[in-house]
Amino acid sequence: MPKDKFITLESPCVPLPIENVDTDQIIPARFLKATTREGFGDNLFCDWRYDKNGDPKADFVLNDPTYSGEILVAGKNFGSGSSREHAAWAIGGYGFKTVVSSFFADIFKNNALNNGILPVQISDDFLEQIFAAVEADPKTILKIDLENQTISLPAKNISEAFDINPYKKKCMINGYDDIDYLFSIKNEIEAWEVKNSN
Amino acid sequence: MQSRPKTMRINVDGELQKGVTSKDIILYIIAQISTGGATGYFVEFAGSAIRTLSMEARMTICNMSIEMGARGGMIAPDETTFEYVKGREFAPKGQDWEKAVAEWRQLPSDADAVFDKELHFKAEDIEPMITYGTNPGMGIGISANIPKLENIDKSSQNSFTKSLQYMGYNPDEPMIGKKVDYVFVGSCTNGRIEDLRSFAAFVKGKQKADNITAWIVPGSKQVEKQAIEEGLRDTLEAAGFFFRQPGCSACLAMNDDKIPEGLYAVSTSNRNFEGRQGPGARTLLASPLTAAATAINGFVTDPRTML
C-alpha cells in the first residue's frame, strides 16, 4: 500500500492517559469480520466512544471537541493483546498519523509502521509533561521530526530524541511499504543478480 | 521484514502443588513480569517443572507468551514431544521418522547458551491463579486478595482503579466466593482434549450449580470427535453442562457465544480485556480445574479444596 511520506508533523494532540490500551479496546473483535481495511476508523475505541445505542459518550476524549489533531498520546504499553492489524487500520482510518507513548507492544508497533503510522516511544517523564501541557492548554502543539528523530513541545521549549529502526525510518520518509522498498532498489538487485549469475 | 527478537529464558524449577496446572504457571509468570515484561523477546521456557508437563500443557504456556508481550514462546523438544508427534496424521513415518527425531534432538539450547535475559521461578510458589482485572497481568493466587491501591505503582494507579471499576470490584477484596454467572472452557489456550478430560474428570458425578451457565467448547472438530468417542460429552451433559460447537466461541465474542453486559465469566481463554467476551462482559481468567470447581459451587472456588 503506497503511503504518504512522513517527514515532519506539527499538530495538536488527543490525550488518552490510560495504560495498557489493548487491541480489543482499539478495535473490538466483533468488527474483524470485514474483508477490506476501509471504515475501521469509525469504530476506533468503539466501546469507550459510543453507548449501547450507538450514541457518542460525551466524556470520551474523541467526542470532546476541545481536543483534535493527528497525534494520539497514550499511556504506557499501548497496543498490547491481539496481533490484529485492524488496530493499526482503525487508528490510521480515524486520521491519526502518530501515536506517542512511553511503551508499545511489539507487534502493534510493527503493524503501525507497516501502515504508515509512526509510533514514537518517549520517556515516562516526557509523556507526563505532554499530558500536563495538554491539560493546561488543549491546543498545545507537538512537533515530530522524523529525519532528526526528535519530538518536541515548542511551547515548553523541551524535546526528546526517539529511536526507530533505520529501515522503517527510510520507508516512512519515502512513503514505502516493503514492496515499494524492494522496487526502489531494483537496479541494485538486478546488478547483483547479473554479477552473481555465474 | 522482521528483525531478530531478543532472547529470554524463563526457568520454572521444582514440583507443582496438586491442583496447579500449566495455565496457572503462565498466569503466574505474567502477573510477575506484567503484560509488557517480555516485549521485544522470544521466550524459551525451561526448568524441571516445565519438563514434567505434558505436550498439551506446554502448548498452553507457549500460547500465552504473547500475553506478556513476547513474539513467541517455545519449549525444547524431548521424549514427551516425540511421543506426542509420533503416529499423528502428518508426522514423518518409518525411516523418515528416525531421521526427523535425530534432527530434533539437535534443537535444544546448548548447556552454555547465553540469553539476553534469564528469569527463575519456583514451582512451589505457584497457586491456582485467577485474574481480577482487565489485562492478563492482573492475576493473583486464588487465595490472595485483590491488591491494595497503595501497593500499585503510582503511575499505574489510575488504570488499576479504572479496571476495578469495570470489574465491579474493590481493592483488598478476596476472590474466593465471588459471584460468577458463566463458565467458559475452551479456546486455543485451554480447548484441547486434555483440558476437556481434566474438566470432565473433576465434574464427574457432580452437578453444575443452578446459577451458572457453562459452555464447554472443544478447540477443533478433531477434539470434539475425540471427546465424544471418549464419552466426555456424556459425562459433561450428565453434570449439566452444554457441549458446544468447536471454535473460538466465547473467547472473543465473534459469534453468538457472548457474555451479557455486567455478568461475570470464569474463562479458560487468554484475554480478559474490557468487552473481550461481549460488550460490558467481565472476565476472570483461570485454569480448567478452577473453572470446574467454580461451575460446581457457583462462585469462585479454589480447586484444591475439592480434590
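Heavy atoms only: backbone and side chains are in, while hydrogens, waters and symmetry mates are out. What you see is a predicted model; the values in this text were computed from it and never measured.
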inquiry  = Heavy atom to heavy atom, less than 4.5 Å: which residues from residues 25-33 of chain B reach chain A?
reply    = none

note = If you tally heavy-atom pairs under 4.5 Å between each of A/Trp48, A/Phe104, A/Phe108 and chain B, the highest tally belongs to A/Trp48

ask   = Do you know which of A/Gly75, A/Cys46, A/Gly81, A/Ala105 has the most heavy-atom pairs under 4.5 Å to chain B?
value = A/Gly81

key: Contact leader toward chain B among A/Ser82, A/Ser80, A/Pro17, where contacts are heavy-atom pairs under 4.5 Å   = A/Ser82

key: Flag, side chain of A/Ser101 to backbone of A/Ala74, donor-acceptor distance under 3.5 Å   = yes

key: Exceeds 12 heavy-atom contacts within 6.0 angstrom, atom CG of A/Asp163   = no

Derivation and outcome, side chain to side chain donor-acceptor pair (under 3.5 Å), residues B/Thr290 and B/Ser287 = CA-CA 5 Å; B/Thr290 301; B/Ser287 75; 3.3 Å; yes

query = Are the side chains of A/His86 and A/Phe31 in touch, meaning some heavy atoms are under 4.5 Å apart?
reply = no

ask   = Should A/Lys186 and A/Phe183 be marked as a side chain to side chain contact (heavy atoms under 4.5 Å, CB included) after you check the CA-CA gap, both sets of side-chain angles, and the distance that decides it?
value = CA-CA 5 Å; A/Lys186 191 165 171 251; A/Phe183 275 126; 4.0 Å; yes

Whether B/Thr60 side chain and B/Asn190 backbone form a donor-acceptor pair below 3.5 Å = no

query = In terms of heavy-atom pairs under 4.5 Å, which option from B/Lys258, B/Lys162, B/Glu261, B/Arg71 contacts chain A the most?
reply = B/Arg71

request  = Determine the option with the most heavy-atom pairs under 4.5 angstrom with chain A, choosing from B/Ala253, B/Gly275, B/Ser155.
outcome  = B/Ser155

task = May I have all residue pairs that pass side-chain hydrogen bond (donor to acceptor under 3.5 Å, both in side chains) and include part of residues 24-34 of chain A, sequence neighbours excluded?
result = A/Asp22-A/Gln25, A/Asp24-A/Arg84, A/Asp24-B/Arg276, A/Arg30-A/Asp47

task = With a 4.5 Å cut-off on heavy-atom pairs, point out which of B/Gly278, B/Ser163, B/Ser156, B/Gly40 contacts chain A the most.
result = B/Ser156

inquiry  = With chain A as the partner, which of B/Gly137, B/Gly280, B/Gly36 has the greatest number of non-hydrogen pairs under 4.5 Å?
reply    = B/Gly36

message = Does any backbone or side-chain atom of B/Asn158 lie under 4.5 Å from a heavy atom of chain A? Answer side chain, backbone, both or neither.
response = neither

ask   = Parallel, tilted or perpendicular: which fits the ring planes of B/Tyr132 and B/Phe160, with parallel below 30° and perpendicular above 60°?
value = perpendicular

ask   = Which residues, numbered in order, of residues 130-155 of chain A come under 4.5 angstrom of chain B by heavy-atom distance?
value = none

message = Holding to side-chain contact (heavy atoms from CB on, under 4.5 Å), I want the full list of residues that pass it with B/Asp181, two or more places apart in sequence or in another chain.
response = B/Lys179, B/Leu263, B/Tyr264

key: From CD (B/Gln222) to CZ (B/Arg192), nearest 0.5 Å   = 12.0 Å

query = In terms of heavy-atom proximity below 4.5 Å to chain B, should A/Thr23 be classed as side chain, backbone, both, or neither?
reply = neither

query = Given B/Trp215, which of B/Phe242, B/Phe184, B/Tyr182 fulfils the ring-ring contact (aromatic ring centres under 6.0 Å, His included) condition?
reply = B/Tyr182

task = State, with a plain yes or no, whether a side-chain heavy atom of A/Phe78 is found less than 4.5 Å away from one of A/Ile26.
result = yes

message = Using a 4.5 angstrom heavy-atom cutoff, name the option from B/Ala70, B/Gly69, B/Pro279 with the most pairs to chain A.
response = B/Pro279

inquiry  = Please report whether the ring centroid of A/Tyr94 lies less than 6.0 Å from that of A/Phe45.
reply    = no

task = Would you check if B/Thr283 and B/Ile259 make a side-chain contact, meaning some heavy-atom pair closer than 4.5 Å?
result = no

